[in-house]
Amino acid sequence: MQNVPVRLPAVARATAILRMRARLLREGFPRVQMFILVALTGLAGFAAPTAMLAAGPDAMALRYALAMGAAYLGPCTRSQVAGEVLSSR
């Protein structure tokens with residue numbers, strides 16, 4: 001079953017945004033979560049080429065291309081897991 005986006009009137013959309021903002025501030029710490037997300041992305045981007053250098057590939061272009069992929073995909077998988085946890089509430 002596909003999720004079909006529903007267009008809300010401007011007032012309902014504004015109300016929904018205010019409710020979501022209040023919920024995020026009440027139940028979570030968005031700034032801390034974003035800091036952790038950015039820190040983990042940077043760590044993945046730094047650790048990947050370091051580990052690959054130790055593993056053997058000498059081509060810097062290859063290592064950094066793979067590191068960018070690792071840094072990009074790392075938060076994607078974490079946010080999907082977090083989304084599943086939040087949707088189960």
Side-chain angles (χ1 to χ4, degrees):
M1 180 180 260
Q2 290 182 338
N3 292 337
V4 179
V6 177
R7 293 202 179 258
L8 298 175
V11 175
R13 183 176 185 276
T15 304
I17 290 172
L18 289 174
R19 276 194 216 148
M20 182 57 71
R21 181 177 180 175
R23 178 179 172 208
L24 284 172
L25 292 173
R26 183 179 62 247
E27 295 179 7
F29 301 97
R31 289 181 189 211
V32 173
Q33 292 171 352
M34 285 305 299
F35 172 77
I36 291 170
L37 187 66
V38 170
L40 290 174
T41 300
L43 183 63
F46 177 76
T50 305
M52 284 184 272
L53 182 61
D58 290 331
M60 187 171 85
L62 174 66
R63 284 195 322 264
Y64 280 88
L66 292 173
M68 286 178 55
Y72 178 76
L73 293 176
C76 292
T77 56
R78 284 187 292 275
S79 65
Q80 288 173 353
V81 170
E84 291 171 8
V85 170
L86 289 175
S87 66
S88 67
R89 287 185 174 184

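The structure presented is a predicted model; accordingly, all values stated were derived computationally and were not measured.
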Output the distance between atom CZ (Arg31) and atom CD1 (Ile36), rounded to the nearest 0.5 Å.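 Output value for this atom pair is 14.5 Å.
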Scan the side chains in residues 59-70 for donor-acceptor partners under 3.5 Å anywhere in the protein, sequence neighbours excluded, and list what turns up.
{"from": "Arg63", "atom 1": "NH1", "to": "Pro57", "atom 2": "O", "distance (Å)": "3.2"}
{"from": "Arg63", "atom 1": "NH1", "to": "Asp58", "atom 2": "O", "distance (Å)": "3.3"}

Can you list the residues that meet the side-chain contact (heavy atoms from CB on, under 4.5 Å) rule with [X], with sequence neighbours excluded?
X: Leu25; answer: Arg21, Pro30
X: Thr15; answer: Val11, Arg19
X: Met34; answer: Leu37

Who clusters with Val38? Use side-chain heavy atoms, under 4.5 angstrom, across I, L, V, M, F, W and Y, and order the result by chain and number.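 Val38 shares its hydrophobic cluster with no other residue.
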Members other than Leu43 in its cluster, when Ile, Leu, Val, Met, Phe, Trp, Tyr link by side-chain heavy atoms under 4.5 Å?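 Result for Leu43 is none, singleton.
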